[in-house]
J.: 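Dumping the structure here so I can ask a few things about it.
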Amino acid sequence: MSNGLGTLLVGMGRAGSGLHLPVLRRLRTAADSGHLFAPAPILAVDPRRRPGAAADLRPVSLAEAPLLADPAETVVHLCTPPTERVAALDTLGRLGYRRILLEKPFAADAAGLDELLALRERHGLDLVVVAQWLGSRLTDRLRAALASGAYGPLRTIHVVQRKPRFSRSLAGDGHPTAFDIELPHSLGLCLSLAGPGRVTGAGGTDMVVGGQVLPRLGTAWLNLQHESGAWTRIRSDLTSPVRERRVTLELAHGTLIGHFPGSEADAYARLTVIDHQGESTELLHDDSLSTFLHRVYAYFAAGGAAGGAHHPHPDLAVNSQVVRLLDQAKTIAAQARDAQVGDAPVREPQIDGTQVRGTQVRDTQARDAQRRPAAAR
């Protein structure tokens, strides 16, 4: 590869046109990354909403794309909803595309994940999941603080994610629950910081807009026990009037509070450190999606997975675990919802200390405690 890699965008919804495309345009003209990209226009495929042509963007059909740019020298950004991803990936594999960047979540559930991993093996695909939090400057600083041991062992991680998402939820965009929207980012972050874990509780609420109920699209929460001994709590609220992406790490001798950029409109994160010396705050320029895509194109340009499908991208295992744990969390939440009888104590989730009412949910330990007497009596 001497003239850079081509780009094929599949799916021009918000992720494709609103996130990936602007970043690609910046990277293609930047001095430190322009060499990674072929000079030919980006090819864009979307049968639902044909994108407008531009000097650097050419709308095409999926059948036309391989005739215009060599699939072997092209990076595909697969931005279709997770529920439509298996068929799209199989088609891309049959057309000869091997370098595939998948928008989060990797898959909608564990069964879909298994299908995608099977296609990866069948077609020899080099899959990378969009997980920019794993490569952000704020995450790098948090990892460095943990590795230094300066604040002692990690005890808990608490993530709060809030944003208003009414219009997109009403329009329907292939994300079946609130677990599929913000939590893939935060759960991947927590796994990368604290290691593998298991879900011990999960639940969520509906979104109600003008009397219309959108099941399971209001809030989502889960608790995770890590094998390292640390605990994670993640709370996501898609009915909030404000935006916030905050992670708090409580360690034996200090607390780290990180705020990720609230949206693509700004590119600054903030890190606050509280320890025995007091409190300090630092701003970090953190255009994480640009950094992530730059790293991915450099990875592909350098040969990617040198051993093919048997040596996947380093983050693929974490992103696979994210799907499996979220699938478990959704099952736990659904079971708690179905088991709701009204005469048993119910624990309502909290978003930063405020109870969220609507669909009530139970911690798995409480539910198991209710089931055990039936077998023990």
Side-chain angles (χ1 to χ4, degrees), residues 15 19-20 22-23 26-27 32-33 103-105 128-163 181-195 197 224 226 228 230-237 240 242-275 277-296 298-299 314-315 318-319 321-322 351-352:
L19 298 177
H20 290 236
V23 172
R26 290 198 299 270
L27 292 176
D32 63 341
S33 57
E103 202 16 89
K104 62 84 183 168
V128 180
V129 181
V130 176
Q132 62 263 38
W133 279 26
L134 297 185
S136 79
R137 288 191 65 197
L138 176 57
T139 301
D140 288 344
R141 293 296 300 276
L142 296 176
R143 286 199 188 103
L146 291 176
S148 73
Y151 305 102
L154 177 64
R155 291 177 173 170
T156 65
I157 304 175
H158 185 198
V159 181
V160 173
Q161 296 170 291
R162 321 170 193 254
K163 68 178 182 181
I181 297 167
E182 291 286 338
L183 272 75
H185 287 309
S186 54
L187 183 53
L189 170 70
C190 296
L191 292 172
S192 72
L193 294 175
L224 196 71
H226 296 274
S228 62
W231 282 87
T232 278
R233 299 175 297 164
I234 301 176
R235 304 292 184 264
S236 177
D237 183 1
S240 171
V242 298
R243 287 180 174 269
E244 182 180 24
R245 290 171 170 171
R246 169 165 47 90
V247 57
T248 302
L249 274 59
E250 297 176 351
L251 300 99
H253 308 302
T255 300
L256 309 179
I257 304 171
H259 286 84
F260 288 91
S263 72
E264 64 276 12
D266 203 355
Y268 280 87
R270 188 175 74 171
L271 175 62
T272 299
V273 178
I274 305 172
D275 59 14
Q277 296 181 341
E279 178 177 327
S280 63
T281 298
E282 175 184 6
L283 283 178
L284 304 167
H285 186 264
D286 200 0
D287 187 355
S288 57
L289 184 57
S290 293
T291 300
F292 178 82
L293 291 184
H294 188 172
R295 291 177 181 176
V296 169
Y299 162 81
D315 291 339
V318 169
N319 286 303
Q321 189 180 10
V322 166
I351 301 291
D352 206 25

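Below, all heavy atoms of this structure are taken into account, side chains as well, without hydrogens, waters or symmetry copies.
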J.: Which heavy atom of Pro184 sits nearest to which heavy atom of Pro105, and what is that distance?
T.: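 Minimum heavy-atom separation between Pro184 and Pro105: CG-CB, 3.8 Å.
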J.: For Arg143, is there an ion pair with Asp140 - N to carboxylate O distance below 4.0 angstrom?
T.: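 Between Arg143 and Asp140 there is a salt bridge, with a charged N closer than 4.0 Å to a carboxylate O.
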J.: Could you work out, with salt bridge (charged side-chain N to carboxylate O under 4.0 Å, His left out) as the rule, every residue matching Asp315, not counting sequence neighbours?
T.: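 Listed in chain order: nothing, the list is empty.
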J.: Heavy atoms only: give me the nearest Glu182-Ser236 pair and the separation to one decimal.
T.: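 For Glu182 and Ser236, the tightest heavy-atom pair comes out as CB-OG, 3.8 Å.
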J.: To the nearest 0.5 Å, how far apart are CG in Leu271 and CG in Leu142?
T.: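 So the gap between those two atoms works out to 6.0 Å.
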J.: Sequence neighbours left out, what passes salt bridge (charged side-chain N to carboxylate O under 4.0 Å, His left out) with Lys104? Give chain and number order.
T.: none
J.: Is Arg295 reaching over with its side chain to a backbone N or O of Gly135, donor-acceptor style, under 3.5 angstrom?
T.: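 Looks like yes, one N/O pair under 3.5 Å.
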J.: Taking C-beta and beyond as the side chain, do Phe292 and Leu134 meet within less than 4.5 Å on heavy atoms?
T.: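 No. Closest side-chain heavy atoms not under 4.5 Å.
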J.: Indicate whether the side chain of Ser263 and that of Arg243 have a donor and an acceptor atom separated by less than 3.5 Å.
T.: no
J.: What distance do Trp133 atom CH2 and His185 atom NE2 have between them, rounded to the nearest 0.5 Å?
T.: 7.0 Å
J.: Whether the side chain of His226 engages the backbone of Gly195 through a donor-acceptor N/O pair (distance < 3.5 Å, no angle test) should be reported.
T.: yes
J.: Taking all atoms of both residues into account, what is the closest heavy-atom pair of Leu154 and Glu250, and its distance?
T.: CD1-O, 3.7 Å
J.: Evaluate His259 against Thr272 for side chain to side chain contact (heavy atoms under 4.5 Å, CB included), listing each step before the verdict.
T.: CA-CA 9 Å; His259 286 84; Thr272 299; 5.6 Å; no
J.: Would you say that Leu256 contacts Tyr151 through its side chain, given a criterion of any heavy-atom pair below 4.5 Å between the two side chains?
T.: yes
J.: Leu289 vs Leu293, test: side chain to side chain contact (heavy atoms under 4.5 Å, CB included). Steps then yes/no.
T.: CA-CA 6 Å; Leu289 184 57; Leu293 291 184; 4.1 Å; yes
J.: State, with a plain yes or no, whether a side-chain heavy atom of Tyr268 is found less than 4.5 Å away from one of Leu284.
T.: no
J.: What is the minimum heavy-atom distance between Arg26 and Ser290, and which atoms define it?
T.: NH2-OG, 3.1 Å
J.: Give, for atom CG of Leu191 and atom CD of Gln321, the distance between the pair rounded to the nearest 0.5 Å.
T.: 4.5 Å
J.: As a quick check of understanding, evaluate side-chain hydrogen bond (donor to acceptor under 3.5 Å, both in side chains) for Thr291 and Arg137, giving each step before the final call.
T.: CA-CA 9 Å; Thr291 300; Arg137 288 191 65 197; over 6 Å; no
J.: How far apart are the C-alpha atoms of Leu183 and Ile234, what are their side-chain angles, what is the distance that settles it, and do they pass the side chain to side chain contact (heavy atoms under 4.5 Å, CB included) test?
T.: CA-CA 8 Å; Leu183 272 75; Ile234 301 176; 3.8 Å; yes
J.: Testing the basics here: between Ser33 and Leu27, what is the closest heavy-atom pair and its distance to 0.1 Å?
T.: OG-O, 2.7 Å
J.: Run the salt-bridge test on Arg270 and Glu282 with the 4.0 Å N-O cut-off and return the result as yes or no.
T.: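 No, this pair does not count.
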J.: Can you tell if the side chain of His20 reaches within under 4.5 Å of the side chain of Val130, non-hydrogen atoms only?
T.: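 In contact.
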J.: Measuring from Thr255:OG1 to His158:NE2, what's the distance to the nearest 0.5 Å?
T.: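 Result: 13.0 Å between the selected atoms.
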J.: Can you find a pair of side-chain heavy atoms, one from Ile257 and one from Thr281, that are under 4.5 Å apart?
T.: no
J.: Can you name the residues that form a salt bridge (charged side-chain N to carboxylate O under 4.0 Å, His left out) with Glu103, not counting sequence neighbours?
T.: none
J.: Could Arg162 and Glu244 be called an ion pair, given the rule that one side-chain N must be under 4.0 Å from one carboxylate O?
T.: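 Here Arg162 pairs with Glu244 in a salt bridge, since their nearest N and O are under 4.0 Å apart.
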J.: Report yes or no: do Gln161 and Ser186 form a side-chain donor-acceptor pair below 3.5 Å?
T.: yes
J.: Any chance you could measure Arg141, atom CZ, to Leu146, atom CG, to the nearest 0.5 Å?
T.: 12.0 Å
J.: Between Leu187 and Leu224, is the side chain to side chain contact (heavy atoms under 4.5 Å, CB included) condition met? List the steps.
T.: CA-CA 9 Å; Leu187 183 53; Leu224 196 71; 3.8 Å; yes
J.: Measure the OG-CG distance between Ser136 and Asp287 for me, rounded to the nearest 0.5 Å.
T.: 11.0 Å
J.: Just to verify, which of Val318, Thr232, Val322, Val247 counts as forming a side chain to side chain contact (heavy atoms under 4.5 Å, CB included) with Leu189?
T.: Val247
J.: Mark yes or no for whether Asp286, through its side chain, and Ala267, through its backbone, hold a donor-acceptor pair below 3.5 Å.
T.: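 Answer holds: no.
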